[in-house]
Amino acid sequence: MEAKKVIENVQGINGGQTTNGTLRLTDYHLVFCAPVEPPADSSDTAAPAAPPKTRERWLTYPIFSHCTFRPTPPGSRQAASIRIRCRDFTFVTFNFASSEVAKEVFEFIKVRTCKLGTVERLFAFSHKPLKNEREVDGWHFYDPKAEFRRQGISEKLPDKGWRVTHINKDYTFCDTYPAFLVVPSKISDNVLKYAKDFRSRCRIPTLSYIHPVNNCTITRSSQPFAGITRKTNVQDEKLVAASFSASMPAGSESGTPMSSQLDVSSAGSSQMPELTETEKFEDEMIAQSVVMYDEKTGKRLVYGAQQSNLIVDARPTINAVINQVQGMGSENMDKYKFATKVFLSIENIHVMRNSLNRVVDALKDADISPLPPNRDILHQSNWLKHIRDVLAGSSLITRQVGINHSHVLIHCSDGWDRTSQLSALSQIMLDPYYRTIEGFVVLIEKDWLSFGHMFRLRSGHLNHEDWFTVQRDAFAGTKVNPGENDGRNDAFQNVISGAKRFFNQNKDEDEPDVASEAASGKVVNEEATTPKMVSPVFHQFLDCTYQLIRQHKNRFEYNERFLRRLLYHLYSCQYGTFLYNSEKQRVDSKVMERTSSVWDYFLCRKQEFTNPGYDPSVDDHVKGKERIIFPHLEDIRWWYQVFGRTDDEMNATLDANALSERERQAAVSRLHGSGTASPSPKPPGLGTSKSVLTAVENSHQKLTPQTNPSLQRSVSAEGASTSASPGASAFAAIRDGIANINIGKNVFSNVSPSTSEAKQSEPKAKPEQEMQEMT
């Protein structure tokens, strides 16, 4: 590749080690070439002198997450430098002979990142793949017809209650959904047309996966436009009801799906997983909510085995309530009597972005220092907590589908971030096919690319000017020319920012922008990077998959390096796969004709990414070979390889804590063995059990982990029993929705006299930071 600039005598610093070499700048890469030092004992005077070997380090421009230029005044003993942080957690500093040269390099890089203006000027549109890559047709590796035929859905196969619809063949029905959609057989396209306006971005409930053992399904959608008036939509209710039962009894007026007809003992004899106390408590909460009531008398009906079909809202309850005030929200369960709704505590894109930024803060000196990362900051980042929450939510869905033989509908806000995470991870746990290399490719194509995860929006491929900064601290005491900044103003601004953070510790510094994570159509279609919309959603999914691979070493065909390289190519922009937000955008840009697929790279190197210990055999009667796998939620560790660190550097604190806990338990066991009474175990609470479940709701009751669980009137149910006006009823529903999650004690005190009674009995309000990042 032709170099546009070549700079000699550049000092590179990485891990505290310095190397002198040559810096070559191409239109798409920064290349540092340094000589390889020969081994100390390899000197041989008799041997002819061989040309020195060089090692090249290639950095692609879009992978830069921060670039700082530090000029120095003439005659300074300090070298001018450029410090670079990369999204694959490479940290490197380059020192230059003069500030002028360093500035030229800085501006050269800036022009080829945040000044490009369009993704069509990225490397993917100029990349010439190798011959072995050209022999792989990665763009057509995923065939939705073939994948759903594998799941048993095809016009030529017996009807399983699902059909293929071409209503979105030209993307006019929903511009962020794929052209190929699967919906219930009994739902006509006309019903779909009337149902679409009830869901954000017209992302109606549609099928993603049907389990071959029991025909239970995972469907996905976006949030409904319920609002504070608790609007409903009959067509949406019919669509969800039909999705939850492929064999609805003829003539049923209520649309209530039948209970499972599948005998658990004959369902492939999948062994029950070993659940933690928290998981058992979550399942008990859901089971207690699965009750039937007579429509006329309101009396509870008792049946045999009943399905606990779930609507999974991935957002914390407060987020859904705030969205409801904004005109969106969550389902009114009075209209979905055949289902139970659960809220999860998976935070939004803003919280996840800030969490990863804290991880970077702990690692950011990896270029100039050989010291390990700051473990206190790592812990404060809560990154592992977020990974655990996503895995816990996916495990809950997996148990419902694979063990409890129930259907699940997943959504968050727009249905392309947390929804994609939960749907894809649940399918990895449920289906061994997705634990193969080919199956994993199909899964990403189906649940991430086709269903419209905003890869361009979340990745920020064109960088942003705010990510390029000039640090002038070396100019302290020198003359400042008009229009220049000596850095003292920056220092002052830093002090002000620090003071704001001190006095607003319970508020996120991005507070004005966190009221909503929904992306407008303008933002989705624009190519410029919007920093507030960038978030490591796909990175989290890969991290969760890494946890499963590490815990189930022989159950995956692909290895850790496969995931790591996939994360790299998410940001490398060498291939066209991740450059757009939707299938429609990829079709409109003709990306398949103009770029290569990232799967060309992986599939032609399959051997490099294959786990040699992979065991593909499945036997539900043999422990360790079951079809379904579950995460060990108490064994979540740092993916140290992706962060460029050793296991000990990242996980030593976790190992020490685990050892301390084992010693404590051993001491308690010895104490109990001496005759001392053991304290009776208490049901886990939300604060202590780290449960991902924040609430369970149906049309008659609402259970929360804070209760034992005592039954509470749900936000949905109250409006059905009140005689007040619809507006007042809806406002009361919002009021009690907030009261149920222990915030806003006095917010709605003037709405109803009954509020004072609630005040006397409600628990103490939680800290104000729970109001942060509201969606």
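The model shown is predicted, which means the values in this text are computed figures rather than measured ones.
Across all their heavy atoms, Leu654 and Arg637 have their closest contact at CD1-CA, 3.9 Å. The two residues His461 and Arg456 make their nearest non-hydrogen contact at CD2-CA, 4.0 Å. Counting all heavy atoms, side chain and backbone alike, Leu356 lies closest to Pro536 at CD2-CB, 3.6 Å. Across Phe64 and Cys86, no two heavy atoms sit closer than the pair CD1-SG, 3.9 Å. Minimum interatomic distance between Leu449 and Thr577 (heavy atoms only, all atoms of both residues): CD2-O, 3.4 Å. A pairwise comparison of heavy atoms in Leu23 and Val105 identifies CD2-CG1, 4.2 Å as the closest pair.
Side-chain atoms of Trp139 and Glu593 include no donor-acceptor pair closer than 3.5 Å. No side-chain donor-acceptor contact under 3.5 Å links Thr72 and Gln78. In this model, no donor atom of one side chain and acceptor atom of the other lie less than 3.5 Å apart for Asn651 and Asp655. Side chains of Trp383 and Asp543: a donor-acceptor N/O pair is present below 3.5 angstrom, by distance only. A donor atom on one side chain and an acceptor atom on the other are found under 3.5 Å apart for Trp599 and Glu445. Side-chain N/O atoms of Glu56 and Trp58 include a donor and acceptor closer than 3.5 Å. A donor-acceptor pair shorter than 3.5 Å can be found between the side chains of Tyr28 and Ser126. The closest side-chain donor-acceptor pair between Thr469 and Thr68 falls under 3.5 angstrom. Between the side chains of His379 and Ser381, not a single donor N or O lies within less than 3.5 Å of an accepting N or O.
Applying the salt bridge (Lys or Arg N to Asp or Glu O under 4.0 Å) definition to pairs two or more places apart or across chains, those involving residues 92-106 are Lys5-Glu104. A salt bridge (Lys or Arg N to Asp or Glu O under 4.0 Å) check over residues 365-375, counting only residues at least two apart or in different chains, returns the pairs Arg83-Asp365, Arg83-Asp367.
Here the straight-line distance linking atom CG of Asp417 with atom CD1 of Ile346 works out to 11.5 Å at 0.5 Å rounding. Atom OG1 in Thr19 sits 9.5 Å away from atom CD1 in Ile13 (nearest 0.5 Å). Distance CZ/Arg201 to CG/Asp175: 5.5 Å, rounded to 0.5 Å. Rounding to the nearest 0.5 angstrom, the gap separating the CG atom in Leu30 from the CZ atom in Phe108 is 9.5 Å.
Separation of the Tyr558 and Phe609 ring centroids does not fall under the 6.0 Å cut-off. You'll find the ring centres of His29 and Tyr61 outside the 6.0 Å limit. Checked against a 6.0 Å centroid threshold, the rings of Phe602 and Phe562 count as neighbours. Aromatic pair Phe538/Trp448: centroids less than 6.0 angstrom apart. Aromatic ring centroids of His569 and Tyr601 lie under 6.0 Å apart. In this structure, Phe643 has its ring center at least 6.0 angstrom away from the ring center of Tyr640.
Remark: Arg605 pairs with Glu133 by the salt bridge (charged side-chain N to carboxylate O under 4.0 Å, His left out) rule, at least two apart or across chains.
Residue-environment remark: CZ (Arg57) stays at or below the threshold of 12 foreign heavy atoms within 6.0 Å. Residue Arg594 qualifies as enclosed at atom CZ: its count of foreign heavy atoms under 6.0 Å is above 12.
A cation-pi arrangement is not found for Arg121 relative to Phe125, the charged atom failing to lie both closer than 6.0 Å to the ring centre and inside a 45° cone about the ring normal.
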Margin query: As a quick check of understanding, evaluate side chain to side chain donor-acceptor pair (under 3.5 Å) for Trp639 and Glu560, giving each step before the final call.
Written below: CA-CA 9 Å; Trp639 184 6; Glu560 178 274 336; 2.9 Å; yes

Next item on the list: May I have the step-by-step check of side chain to side chain contact (heavy atoms under 4.5 Å, CB included) for Asn382 and Arg358, ending in yes or no?
Entry: CA-CA 9 Å; Asn382 283 327; Arg358 291 293 285 162; over 6 Å; no

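Ion pairing of Arg564 with Asp88 is absent here, as no side-chain N (NZ or NE/NH1/NH2) approaches a carboxylate O to less than 4.0 Å. Here Arg565 does not pair with Glu608 in a salt bridge; the nearest charged N to carboxylate O distance is not below 4.0 Å.
Among Tyr571, Phe89, Tyr546, the single residue meeting the ring pair (Phe, Tyr, Trp, His ring centres under 6.0 Å) criterion with His539 is Phe89.
At least one side-chain heavy atom of Ser413 sits less than 4.5 Å from a side-chain heavy atom of Asn323.
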